[in-house]
Amino acid sequence: MRSVTYSMNVSLDGYIVGPDGGFDWSAPDDEVFRFWIDEIRGVDVHLLGRRLYETMLYWETVDDDPSLDAPTREWVSLWNPLPKVVFSTTLSEVRGNARLLPGGVSAEIERLRAEPGDGEIAIGGATLAAEAAASDLIDEYRAVVYPVLVGGGIPFFPRDERRVDLELVETRTFSSRFVYLRHRVVRRPE
């Protein structure tokens, strides 16, 4: 069965966006950008909420820019053809290799898991991830932790007061001071 992964950049105090809605603190350096390029290679489909989709639209239009460096071109060549599912009740259309669904992330994950494929089902966006987590559908949590305290905003982890046991399966410290943490959800036999 294909794994569902939730990956984001996160502040040390646990937020993906600060209280002012900003995330300028999470701009990756070259080493972290290379890491995300390598990570996206293992993804078969990316599920996004509206806010993240709108942020990532930048990549749909940048490929004609002659000033792009080689890593950015490589990211665009991987991201743009990647199938995406955008969950939104306010958007009426999406661009690129994306399709729009008004809701039902749990049903979509189950549908995608039933399809053949080896790559991951990636989730981006805290609200969407919280919905999947509430249905116990996330298999791995992956965070690149930035050395900044933003003091509030949108939390990486859902605040639903539900215990989830995790197993640390990978860490990486980037020379630039960022730390990658990869945790697998521990599921107990029923």
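The residues of the chain are indexed from 1 along the displayed sequence. Only heavy atoms go into these numbers, but all of them, side chains included; no hydrogens, no water, no symmetry mates.
The salt bridge (Lys or Arg N to Asp or Glu O under 4.0 Å) check on D29 picks up nothing, with sequence neighbours excluded. Contacts of D165 classified as side-chain hydrogen bond (donor to acceptor under 3.5 Å, both in side chains), with partners at least two apart in sequence or in another chain: R163. Among residues two or more places apart in sequence or in another chain, the ring-ring contact (aromatic ring centres under 6.0 Å, His included) test is passed with W25 by Y146. In this structure, the salt bridge (Lys or Arg N to Asp or Glu O under 4.0 Å) partners of R34, at least two apart in sequence or on a different chain, are D38, E74. With sequence neighbours excluded, the residues satisfying side-chain hydrogen bond (donor to acceptor under 3.5 Å, both in side chains) with S67 are D65. Considering only residues two or more places apart in sequence or on other chains, E39 meets the side-chain hydrogen bond (donor to acceptor under 3.5 Å, both in side chains) condition with R142. With sequence neighbours left out, F35 forms a ring-ring contact (aromatic ring centres under 6.0 Å, His included) with F174, Y180. Applying the side-chain hydrogen bond (donor to acceptor under 3.5 Å, both in side chains) rule to E110 yields no partners; only residues at least two apart in sequence or on another chain are considered.
For the atom pair CZ of R172 and CG of L181, the computed distance is 12.5 Å after rounding to the nearest 0.5 Å. Of the inter-residue distances, the one linking I109 atom CD1 with L137 atom CG reads 5.0 Å to the nearest 0.5 angstrom.
E31 and S175 form a side-chain donor-acceptor contact under 3.5 Å, judged by distance and modelled atom types alone.
Applying the ring-ring contact (aromatic ring centres under 6.0 Å, His included) definition to pairs two or more places apart or across chains, those involving residues 150-172 are Y6-F156, Y141-F157. Pairs engaging residues 79-91 under the salt bridge (charged side-chain N to carboxylate O under 4.0 Å, His left out) rule: E60-K84 [sequence neighbours left out]. Listed by first and then second residue, the salt bridge (charged side-chain N to carboxylate O under 4.0 Å, His left out) pairs involving residues 90-104 are R99-E108 (not counting sequence neighbours).
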Report, one line per pair, each donor and acceptor closer than 3.5 Å where one atom sits in a side chain of residues 42-50; sequence neighbours left out.
{"residue": "D44", "atom": "OD2", "partner": "R2", "partner atom": "NH1", "Å": "3.0"}
{"residue": "D44", "atom": "OD2", "partner": "G119", "partner atom": "N", "Å": "2.9"}
{"residue": "R50", "atom": "NH1", "partner": "E54", "partner atom": "OE1", "Å": "2.8"}

